[in-house]
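Lettering of chains follows the sequences in order, A, B, ..., and the numbering in each one begins at 1.
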Amino acid sequence: MNTAEQTDRHDESIDAASHQSRRRFLKLTGTAMIAAPAILTSRRSRAQALIELPPSPPTTPWLDELPSTIEPLSQTNLFSGPLPPPQGEANTANGECGRTDHQRWSEFFGAPVIQPDQADLYELKANAHNDHVFHPHYPPQLAWSFEGRSSNGTVLYNPTIFARYGQPVIVRLHNNLPPSHGAGGTQLTSFGLPEISMHLHNLHTPSESDGFPGDYFSETKYGPTLKKEGKFKDHFYPNVYAGLDEFGGIGDQREGLGTLWYHDHTLDSTAPNAQRGLAGFYLLYDDLDSGDEHDSNPNALRLPSHPYDYPLKFQDLRFDANGIHIFDQLNPEGTLGDKIAVNGKIQPVLRVARRKYRLRLLNAGSSRFYEFYLVNGANVVQQFTYIANDGNLLPSPITNMTRVRLGVAERADIIVDFSRYPMGTQLYFTNRLQQTDTRGPKKVQAPGTRILKIIVDHEPTEVDISQIPNILRPVRRPTSDEIAAAPVRNWTFARKSGLWTINDRLFNVKSARATISKGSAEIWNLSNPSGGWSHPIHIHFEEGIILNKFVDGIAAPIPVHERGRKDVYVLGPNTRLRVFIRFRDFTGKYIMHCHNTIHEDHAMMVRWDIKE
Amino acid sequence: MNNENTNSRREILAGMGLATLGMLGLSAAWQKLGGATAVTSNYDARDTSFPNVTLYTHEGEAVRFYDDLIRDKVVAINMMYSDCAGICPVATANLLRVQQMLGDRVGRDVFMYSITLQPELDTPKGLKHYADRHGIKTGWKFLTGAPEDIELVRYRLGFYDRDENIDNIKENHTGMIRIGNDTLNRWSMAPALAEPQQIMATINHLDPKAVHTHENLA
């Protein structure tokens, strides 16, 4: 403290001296200008203003437990409620926001209004609740959640949705968020805008149900790409594979998606809104990845299934001295969380049976990258099998993996065989990737920070018959002819006057920077010429395949787990990725953006459209 | 800081002629004339409130940054300097279109401010010339002040870069419009060169009186 004061005084005296000398200079010369006017020199203010937020208060680890099984969202009968059942056109007369008509609706349902048993119908309510406990040492406090109901009527926050290819889903989302956070807040505690646009990352979704950033709504307000405010919005998730037009039926099974997540995507406010808690899982199954380890279908993979199929959502959060969740809305680089919540809990415990589990790991942001290791109490690294990246099953499993690196929004499905451990074994998910600001990760350093404790707690109630086949889901790689014929589009991400640009242009929510014909394929060059920043770039709607990776202009190997289909492409410093993407089956507005949601909210985003 | 000081400063400003002050550098001038320290409020960055420093409008009025400009208001704030040859003129023209679209709401529901990054040279009078030259209507204030005060405001509003070399270049702070609603403690931003309609949308998103964010319906 003394040193700081002395430094301050010292700087003041320098400033005062420089003012005096400037005044003498001006008097002597009568000059109105001094040289180099465009340089700022106020050291004192900088030192004073750039004080970082203090670290979150300490927390004792392993006090709270995650539920041993997840409870999925239960369906709602939308034929008996106060509102009419879902329909193709926006039901603005009954309070639906002014979205565009659902595409291909009559093809799926044959009538303007849906009939019973044509789709799985769900209801979610975006709501605020004041009783969320991140950690027992922090007070119960405000969180926002997508609320639903379990089969026995219990309220679930951000529930997992189980969906199935060939069975369309309609999610009716009500926006019940309060218009304000109430009195007594500050800019650090009052983050989050009550208008929402729910994106299902990365379903093959028609654009009006995609959660386009400009499609945000509330009862009193509507975004620039909607036509009317509203209390609710129906989202139509067809659950067809990409390739519907090309292959017929329900599309190309090689395009199957597995681990998806829904989250708010409101223009300018995705980071604060997602920080508030608006994010959950959507797990999609088919007859290959059927979600049933007992499946008698010979094609079924019989991977470990519910309740041994367990999603884990990691979020970096920051808390003030009172243990209240904060986010600095005025810091141009947002707030890096120093506490990692797993499914909303800080340093929780998960008790598992002595058998195989499929763990689905999601980095739900805002801006921290992770490199997870599973270690025992002596920090010895344990092995597992890596089966899916970005929710997409790989052509074959990667055995003996020891780490999972995740940029924001990336996912990894791994299978851990806990039967290899004696009862009572304690294991830890540990993050070894160091990061001190929101610009990107630094180096990997053992032993890292323990995030989640796993206790091998009980014997399974039956013999574990799940398996990890050597072949998972085949990938459709583009042929050399397709690559040669594909138009090339370059996208360069840069920083200019404190703002993000893509190809030197700013985001325009109303206007597409690229218009692509439905059914075509392109090669996109994604370039990050910056040395200091990492950008997890997310392309909505379609999965792509990385053809080449260049770092500092030199070809670099593509990691084995990134050789399947992806929807998040981590552009490290001075990196270029060459990606092959098809654009199929639906038309309308979509986006590509940095999924560091702080960059995203600073307009690091580009709209592209698909047309007929 | 009390009113007496502010008043005496204003009188002195009026009496001396603003250009002279500009030549001396405002900070030194305030110190000399007001007998006060340059930083006109005690401020700690860990405190999340805004510094309530005294700034001066292009119309020669002394205002407190928080009490008079921010408190209970919806605001759109950018930073510029009058001899900026980069994007400032375009940004100003862009904001002028926003002002035109906002119409009567400017100065009533939405307050527009442009704060100079070069207070040593941008006197109130100079900023008035700048505003006149660009056809700025009433309700949009151009602001200068003691350099240390301007710096506090700049950091607090988030017009900075953590990299000191980038932070030292003024033009790097001209690309953003900080948009906020003090009543609700909600803060957002828009690029200064974004389409004026998109800037409007962000303002309207934070203004409870607006329903459609893309048109001026309030």
Report the relative orientation of the aromatic rings in B:H205 and A:Y216; use parallel for angles under 30°, tilted for 30 to 60°, perpendicular for over 60°.
parallel
If the plane angle is over 60° it's perpendicular, under 30° parallel, otherwise tilted; pick one for B:F50 and B:F65.
perpendicular
Members of residues 127-134 of chain B whose heavy atoms come closer than 4.5 Å to chain A:
none
Would A:Y222 and A:F217 count as a close aromatic pair, with their ring centres under 6.0 Å?
no
Contacts of [X] that satisfy salt bridge (Lys or Arg N to Asp or Glu O under 4.0 Å) - sequence neighbours left out:
| X | value |
| --- | --- |
| A:D215 | A:K589 |
| B:K73 | none |
| A:R495 | B:D161 |

What part of [X] lies closer than 4.5 angstrom to a heavy atom of chain B: side chain, backbone, both or neither?
| X | result |
| --- | --- |
| A:S269 | neither |
| A:P272 | neither |
| A:T266 | side chain |
| A:D328 | side chain |

Please classify the contact of B:I87 with chain A as side chain, backbone, both or neither, using a heavy-atom distance under 4.5 Å.
side chain
When B:M79 is tested against each of B:L117, B:V153, B:T174 for side chain to side chain contact (heavy atoms under 4.5 Å, CB included), which residue passes?
B:L117
Who among [options] has the most heavy-atom pairs with chain B under 4.5 Å?
| options | result |
| --- | --- |
| A:E229, A:K227, A:K510, A:H181 | A:K510 |
| A:F507, A:W500, A:F191 | A:F507 |
| A:S190, A:G223, A:G182 | A:S190 |

Answer with yes or no whether the side chains of B:T202 and A:D268 bring together a donor and an acceptor at under 3.5 Å.
yes
With distance as the sole criterion, is a donor-acceptor pair present between the side chains of B:R154 and B:H173 under 3.5 Å?
yes
For the side-chain hydrogen bond (donor to acceptor under 3.5 Å, both in side chains) test, which of B:K209, B:Q197, B:R105 pairs with B:N204?
B:R105
Output the option from B:C84, B:G86, B:S188, B:P191 having the highest count of non-hydrogen pairs under 4.5 Å with chain A.
B:P191
